[in-house]
Amino acid sequence: MKADIFLAMKYERLVMRLDEVCHEIGAEIGTVRNKMSAGTFPIPTRKEGKYVVADVRDVGSYLDRCREEAVQAHVAPDGPKAKRVHENHNTENSQNAPSKIFDDNASLLANGIAEAVGKRVALAIPGSLDLWDTSDVATYLKRSANTVRREIDVQPSFPKPVRLPGTAKPQALYIAREVVQWAESFQQPSKARKAVVKPL
């Protein structure tokens, strides 16, 4: 199985932060930054927000290349291990069989991952139809959850909660679009620009 598939499954995204890349390739971040400055780091990177990131496919390709180079060095005909490799040929063939099976099914696994991600995206609820709990409201309003409970949802103008049946003490949920409309009602009107009169 290709390394990029493992990485995509592990991190559940297509990009990795620089510290994650260093962890996977077994390198110190200071050493990697020095190589990046010198233009010798073998994995392409880019700046994304405040992070330096790399594509999981590039990291996976680098790991696969390292593995192939190690295998080539191991089976080199003039190397000291050549005789032992020849003697263990049948054993290695049996050990490599599972790897071949995994490689043959790599595309099938990749399609399965893509399908799972697609289902997750398909189930995303539009913001206007979503129900928010107190934590969601706090995140949207840039306040703490305690502040929302003590000072905001007690306001008479704040949207009334939705309490779904099914538990002894139903959780307070809020219709997202009503919370947004409530917050927008506090928008300050823009000040009219004063006309500038030029002296004659």
Is there a path of hydrophobic side-chain contacts, each under 4.5 Å between heavy atoms, that joins [X] and [Y]?
X	Y	value
Ile29	Val52	yes
Phe186	Tyr140	yes
Val179	Val154	no
Val15	Leu18	no
Tyr11	Leu14	yes

Rounded at 0.5 Å granularity, tell me how far [atom1] in [X] sits from [atom2] in [Y].
X	Y	atom1	atom2	value
Lys142	Thr147	NZ	OG1	14.0 Å
Arg17	Glu48	CZ	CD	11.5 Å
Tyr174	Thr134	OH	OG1	5.0 Å
Ser61	Glu68	OG	CD	9.5 Å
Glu69	His74	CD	NE2	15.5 Å

Taking the side chain as every heavy atom from C-beta outward, state whether [X] and [Y] have any pair of such atoms under 4.5 Å apart.
X	Y	answer
Leu7	Leu63	yes
Val56	Lys10	no
Thr45	Val53	no

Heavy-atom closest pair, residues [X] and [Y]:
X	Y	result
Pro44	Ala54	O-CB, 3.5 Å
Gly60	Ala3	O-CB, 3.6 Å
Pro42	Arg65	O-NH2, 4.0 Å
Asp133	Asp136	OD1-N, 2.8 Å

Hey, would you say the Phe158 and Trp182 ring centroids sit under 6.0 Å apart?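 Yes, the ring centres sit under 6.0 Å apart.
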For Ile25 and Ile43, run side-chain contact (heavy atoms from CB on, under 4.5 Å): C-alpha distance rounded to whole Å, both residues' side-chain angles, the deciding distance at 0.1 Å, then the answer. CA-CA 10 Å; Ile25 67 175; Ile43 301 173; 4.2 Å; yes
N-O pairing of Arg13 and Glu20 below 4.0 Å: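 Yes, this pair counts.
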Between Asp4 and Lys2, does any NZ, NE, NH1 or NH2 come within less than 4.0 Å of an OD or OE carboxylate oxygen?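 Between Asp4 and Lys2 there is no salt bridge, as every charged N stays at least 4.0 Å from the carboxylate O atoms.
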Could you tell me whether the side chain of Arg143 and the main chain of Val148 form a donor-acceptor pair under 3.5 Å?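 Not a single qualifying donor-acceptor pair exists.
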Taking atom CD of Gln155 as the centre, report whether more than 12 heavy atoms of other residues, nucleotides or ligands fall under 6.0 Å from it.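 Enclosed.
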Please report the C-alpha distance between Val21 and Tyr62 in whole Å, then the side-chain angles of each, then the deciding distance to 0.1 Å, and finally whether the side-chain contact (heavy atoms from CB on, under 4.5 Å) criterion is met. CA-CA 11 Å; Val21 174; Tyr62 170 78; over 6 Å; no
